[in-house]
Amino acid sequence: MFVIDPLKLKIRQLLADGQANPLNQARLRYGTEDDLNILLNEIKQFKPDSKNYVFIDFTPFERIGHPDRFIKELSSITHTRPIILTFTNSVFSGKKDLPLINVQFNDDGQLAGIYGGSLEDKSLKETIKRDIPITEGNSALRLLREAVAERKLTDLLFGANCLDIPCRADKPETVKLISGRYYRKMTNGMLVSCYLNLKEIGRSPDTLLTLAYELIVSIMANFQRNVTPLDTFDYLVTPNNTALFLTSCVQAILEKPVLCIDRLGPIPALHIHSPRLYDVLHDRKVILIEEVIATGNEVDRTVFFLHSKKANISKIYSFYNLQVGKPMLADESLIVSLCRPKEELQYVYRSA
Amino acid sequence: MSTDLHRIHNIRDISDLITYLEIDSSQFHNCNPREFLTPIWSSVKEIWCSDNLTSYTDHGIEHSKRIITYFLQLKDLYHWSDYEKMLFAAAALIHDIGMQYKYWATVEGVSLGLPQPSLSNDNVRKNHSEIGYTLVKIQLNPLNCLKFPPALCDPNRHGHVNALNRAAHVAFAHSGDKYLNILREDEATWQSRHIEGHLYRPRLLAGTLRLYDELDGNYTRIPQPNRIYSWELDDTAKSHWLSCLFVEHTELTIDDPVVRIKLRWQVPDDADDNLRRKILDLLKYMREAKIRNEIEVIRNFYDCCNELKHKKEFVVDTIDTEPAKFILSLDKSLVAAIDKAISLKDSVIGSSTPKGVLAESIRKQQISTVSASIEGTQIRHYDSLDEELEDWFNINMESGHYELINKEHTDTYLKCRSLVSNQDLLRRIAAEIYKLHTDNNHQIDSVLAIGTSAIPLAVNVAFRLKCSVSFTFSKEKLGPKDSPNYFPAEVMPSVRECNNLLILDDVISGGTVVTNVLNTIQENFHKLPDNIYHHAIFRLGEREHDKEKRIKKFYYLKHIRKVEYATTAEECSSCKNNIQLIYEKSMY
């Protein structure tokens, strides 16, 4: 599935320009002609094969540039077959004989209709069947974006060199061979089939932005207009430097403050922490962001600490969830994992 | 609405405007009003053909026309000459063209030497006078090759050039203080006199435009009222919108030398008593107060210029009439939005208040304070990053007797973790760092953050510089005190691949931490980048910090001198005085 996010392109530009409040700046109802030019350049770089379409997630915008120009330019890019995702109040609504394929969602994210194109087109039918979840009563937009996040973050693991896969060439003290497969030795004595080294994400700011953007889409409930998600939390909390590293990009975009609560150790040494954190966190709503959840223990320590400071945890986000175990102290309904690559990675976590 | 305002609405083109101004038969040296105003009208119409009504109230030609109407209502008070009428009309037409900067600066992508068009909407609003003035100056240059916007006048016709230059100074003095100061200080150029027998009072014109720009704050500036509920309007924009929306029109009653100003207000059809009270409060604190503020500014301006004879008594009458009704779909967020707008009143009123013209005490009163992000920090407006960092240091430092992670003792602990959460300050620091390195043509490939507190800053800088970013991390515990690695730091392999590395630090004192980092890079990768720059936010103390020869250049943004360090307990004065030691680990 290929997805282009015009909003992300705009945010990227605003971050490069050092603009304040990039999300609110970018998230106008009407994108400018400049935004359209950038979008068209991005689309022109895509060369999917004949079976694939390119989704353009237009949803935060009602229009980008002049609609007639938008339609004309997009229609002329013949090698790329765009499917435009919009809410029902977009400039395309009600237009007949649209030369583009337009998937519309209502304010609750439910599918409102698919217009344009020809459903005799086999590859279009297959794409819709595979990628657009048409389910009664559920937010199709949410499901679609979850699938996009899953796909993008999985691709990112491989593309951004984040996977540390043990092999024979590694130092013998760091690996163990069991039944023909090498495992990395972790500091807690356990063995893993691969290690997610998300520090590598920083090799490219675009990759960092991709990761952060998917998290923001989830936090912002896919930019559905009938919700105000920024009111649901006061702080972003990260438990370690890698999570802080990834969340710094989120902070730069959302401009919601991030607190790094690290050095908690296997058991939080609560008495050594300044009472000031209690003042900061007491009765505040926080979103906890983990870079990877594996056993669940990573979450428990921080949840324990936050509870001790009487903070209210609105949500726990993890970029990756390796599904080895579940946190014991956090309600599972609070946890949102953007990517579950266990099967893709054939991930194994075991004792020595 | 008055007959005059009805009449101004019927003005469709420049001929109608000339007739309305009654300057059809006037002629000045090398300057004909119709020939002068026609290109201005045409150009301004093109500039406003695509206006941004998502972020701003309407600043287009209708707004200009209404200001001209108010101006003409004072004709019996000031007896405007034909030359003044022509200049004022030109000034009214061009005074807000800077608001359209994002439109006209991108139409052909012409570089004007101005900040890039992707200035934030708020910055465009704050700087629109400067931007508009710069455009006019560029256009007045005979070598100007801008294709858009169309020329405001023929640069080879000196009569028109003079008139446009004068009109520009009148126009752009309507906001901020820069052009108001020019009018005040350049005595010879801007004093009242006669030109070719026509009365010419540029300072009076500027004061008048300034006031009537403010008086034209009414519902006609909000073409789409329901958009006050839209989520992309930030709080400042919303407060501007709301303070216009509930004004039906502004009434002037002239009884020389007194001019009485009264706002006629309106409320939504279904407004209950609570909402009506809120709207009245809003108008009192936002509109009336702002008008009184402007009157005060202009009065002081005339005092400074010794233009006492222009001073009339402008009085703002409190609203005491029944409001008109208008259709607005009510939403429960409206009351909250009004409360928020009232709470922002100081920043909104202060945003157009000049610093130079007003007495210092008045200016200080109008510096707004916005309370807190985390930890109850008071944030105020600063004149420079240096001042802001000084303030931040004073708020976030703790005096005492501390042992740092590298075992050194100090009398000052700086809670750099607070910086992690302050995106606003991080962005400004990143901008400063970005500017320094790009001005010096350092082609940075990679940014490396030392320590937790520098990580968010490094991410911001990396986005500006469009390069990779990483941070130091520890795999092993601290070594013993006498080991070369007090602070063993690992770095990512991406550092190895770069030629120009920028190391970011929150604090430097003696420079030992960065030495350790460089040792690590050299040990792990057997080579160092060709050029290494080290940039810290704070330099603390007076120790030599730049001994490290592998670093091409050290930079820091703020030097705080009065911080003491001791590498051993024997050197430490606090240890000698038996002051209890606090360990860094417990300090956050």
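Order of the sequence lines sets the chain letters (A, B, ...), proteins ahead of strands, with each chain counted from 1.
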Spacing of B/Asn460 atom CG and A/Cys249 atom SG [to the nearest 0.5 Å]: 8.5 Å
Residue, of A/Ala26, A/Pro22, A/Ser204, A/Gly18, that accumulates the most heavy atom pairs under 4.5 Å with chain B: A/Gly18
Spatial distance of atom CD1 (A/Ile253) from atom CZ (B/Phe463) [nearest 0.5 Å]: 6.0 Å
B/Arg464 versus chain A, the contacting section by heavy-atom distance below 4.5 Å: both
Counterpart residues, side-chain contact (heavy atoms from CB on, under 4.5 Å), relative to A/Leu163 (two or more places apart): A/Leu157, A/Phe158, A/Ile165, A/Cys194, A/Leu196, A/Leu345
Shortest non-hydrogen contact between B/Thr472 and A/Asn241, atoms and distance: O-ND2, 4.5 Å
Residue pairs involving residues 157-166 of chain A (criterion salt bridge (charged side-chain N to carboxylate O under 4.0 Å, His left out); sequence neighbours excluded): A/Asp164-A/Arg184
Residue A/Leu23 versus chain B: region with a heavy atom under 4.5 Å: neither
Heavy-atom check, side chain of B/Gln423 versus side chain of A/Pro257, under 4.5 Å: no
Worked verdict on A/Lys199 versus B/Ser470 for side chain to side chain contact (heavy atoms under 4.5 Å, CB included): CA-CA 7 Å; A/Lys199 298 179 189 59; B/Ser470 59; over 6 Å; no
Value rounded to 0.5 Å, distance of NZ in B/Lys466 from CG in A/Leu15: 11.0 Å
Reported CG-to-OG distance for the pair A/Leu208 and B/Ser468, which is rounded to 0.5 angstrom: 11.0 Å
B/Ala462 versus chain A, the contacting section by heavy-atom distance below 4.5 Å: backbone
Closest contact, heavy atoms only, A/Phe245 versus B/Val469: CZ-O, 3.6 Å
Contact origin within A/Asn197 toward chain B - heavy atom pairs under 4.5 Å: side chain
Side-chain donor/acceptor of A/Gln251 to backbone N/O of B/Val420, under 3.5 Å: yes
Heavy-atom contact with chain A under 4.5 Å, split by part of B/Leu426: side chain
A/Glu33 versus chain B, the contacting section by heavy-atom distance below 4.5 Å: neither
Portion of A/Thr242 that has a non-hydrogen atom of chain B nearer than 4.5 angstrom: both
B/Ser421 side chain to A/Val258 backbone, donor-acceptor under 3.5 Å: yes
Contacting moiety of B/Cys467, where chain A heavy atoms sit under 4.5 Å: backbone
Heavy-atom check, side chain of A/Gln19 versus side chain of B/Arg427, under 4.5 Å: no
